[in-house]
Amino acid sequence: MRWILALALALAAGLGSLYGLTGGFTVLTAEAARRQDVARHPRAIPAAEVLAGDGRVLDLGQDLRRDGRVAIVNFFYTRCLSLCLAQGSLTERLQQAIEARGLRDRIRLVSISFDARDRAPDLARYAARMGAEPGVWQFLSFTRPAQRDAALALFGITVVPAPLGEFEHNAAFHVVTPDGRLARIFDLDDPGLALSAAESLAARPAAPPATDSGRAGEGGS
């Protein structure tokens, strides 16, 4: 009888641990659990200096809040010849859908390079290659490694150097609220879900105006 009791206790402990790790058995992977937690508790975007394709230097968090639109954010680098091109094609389709639905005043696209080699001319050339409409789709690049790493960690992007100056990395569509909070994450093969989530967030009442010194009209980069 003792071994039966011990087995029952061990099983109960194991199930308890699994319950906690999988968010109550509703998710089966750490990434799915993280995405579920983000949806429940949107995360503020940290300060990160970024360079725009037109040469301006911005703070990512401030720029997202100043703009006032919901943003669909993804990560890439201009020298990527595989995943990033596929991601760019899907983002171009999102741009077309935003335009077709008359959503350009409520939703925008932001593609951010994690490659320190990508400067303003590289971003501008890539934007032209992707057929980006500046009023809808913006390209940025991190300028400070520590801030880049903190932002990538928040978004759940892993970047590993590869031979010939390339990188191995994951990718997703990240939906950010007008007040600069990461609210939803979707796989690349779910651009429609990302747009639907962004449209739903854009339809919500606007949050109170920001009170920080980085509001639009108070200087600017």
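Position 1 is the first residue of the sequence; numbering continues from there. Small disclaimer: the values here were computed from a predicted structure and weren't measured.
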Looking at [X] and [Y], what are the two nearest heavy atoms and their distance?
X: V57; Y: E49; value: CG1-CG, 3.4 Å
X: R184; Y: A39; value: CD-CB, 3.7 Å
X: L85; Y: C80; value: CG-O, 3.9 Å
X: L123; Y: A52; value: CD1-C, 4.1 Å
X: L83; Y: N170; value: CD2-C, 4.4 Å
X: P46; Y: L154; value: CD-CD2, 3.4 Å

> Between T91 and N74, is a side chain to side chain donor-acceptor pair (under 3.5 Å) present by the stated rule, with each step listed?
Replying inline: CA-CA 9 Å; T91 309; N74 57 30; 2.8 Å; yes
Do [X] and [Y] make a side-chain contact, defined as non-hydrogen atoms from C-beta onward lying under 4.5 Å apart?
X: T143; Y: V50; answer: no
X: V136; Y: E99; answer: yes
X: L90; Y: F173; answer: yes
X: I185; Y: V175; answer: no
X: L109; Y: R104; answer: no
X: V38; Y: R43; answer: yes
X: S113; Y: F75; answer: no
X: R101; Y: E199; answer: yes

>> Pair D118, S141 - check side chain to side chain donor-acceptor pair (under 3.5 Å), show working.
In response: CA-CA 6 Å; D118 283 334; S141 177; 5.4 Å; no
Gap between atom [atom2] of [Y] and atom [atom1] of [X] - 0.5 Å precision:
X: Q95; Y: L103; atom1: CD; atom2: CG; result: 12.5 Å
X: F155; Y: I112; atom1: CZ; atom2: CD1; result: 6.0 Å
X: E31; Y: T29; atom1: CD; atom2: OG1; result: 6.5 Å
X: R65; Y: L60; atom1: CZ; atom2: CG; result: 9.5 Å
X: L94; Y: Q87; atom1: CG; atom2: CD; result: 10.0 Å
X: F139; Y: R129; atom1: CZ; atom2: CZ; result: 11.0 Å

Path from [X] to [Y] over hydrophobic side-chain contacts below 4.5 Å:
X: L188; Y: L182; result: no
X: V176; Y: I98; result: no
X: F76; Y: I157; result: no
X: V110; Y: F142; result: yes
X: L51; Y: Y126; result: no

>> Test: ring-ring contact (aromatic ring centres under 6.0 Å, His included). Region: residues 94-118. Which pairs qualify, not counting sequence neighbours?
In response: Y77-F114, F114-F167, F114-H169
> Tell me the ring-ring contact (aromatic ring centres under 6.0 Å, His included) pairs involving residues 79-109, sequence neighbours left out?
Replying inline: none
> Taking it one step at a time, do D67 and R108 satisfy salt bridge (Lys or Arg N to Asp or Glu O under 4.0 Å)?
Replying inline: CA-CA 9 Å; D67 184 84; R108 69 164 170 159; 3.5 Å; yes
> Donor-acceptor pair, S196 side chain versus G192 backbone, under 3.5 Å?
Replying inline: yes
> Are the side chain of D149 and the backbone of A146 linked by a donor-acceptor contact shorter than 3.5 Å?
Replying inline: no
> So, are R79 and E166 salt-bridged, with charged N and O less than 4.0 Å apart?
Replying inline: no
> Can D59 and R66 be counted as an ion pair, charged N to O under 4.0 angstrom?
Replying inline: no
>> Could you tell me if D179 and T177 have a donor-acceptor pair between their side chains, going purely by distance under 3.5 Å?
In response: yes
>> Check this for me: R34, atom CZ, are more than 12 non-hydrogen atoms of other residues, nucleotides or ligands nearer than 6.0 Å?
In response: yes
>> For a salt bridge (Lys or Arg N to Asp or Glu O under 4.0 Å) check, start with the C-alpha distance between R35 and D187, then their side-chain angles and the critical distance, and finish with the verdict.
In response: CA-CA 11 Å; R35 293 184 182 189; D187 290 333; 2.8 Å; yes
>> ring-ring contact (aromatic ring centres under 6.0 Å, His included), that's the test. Do H174 and F186 meet it? Break it down for me.
In response: CA-CA 6 Å; H174 307 82; F186 297 93; 9.7 Å; no
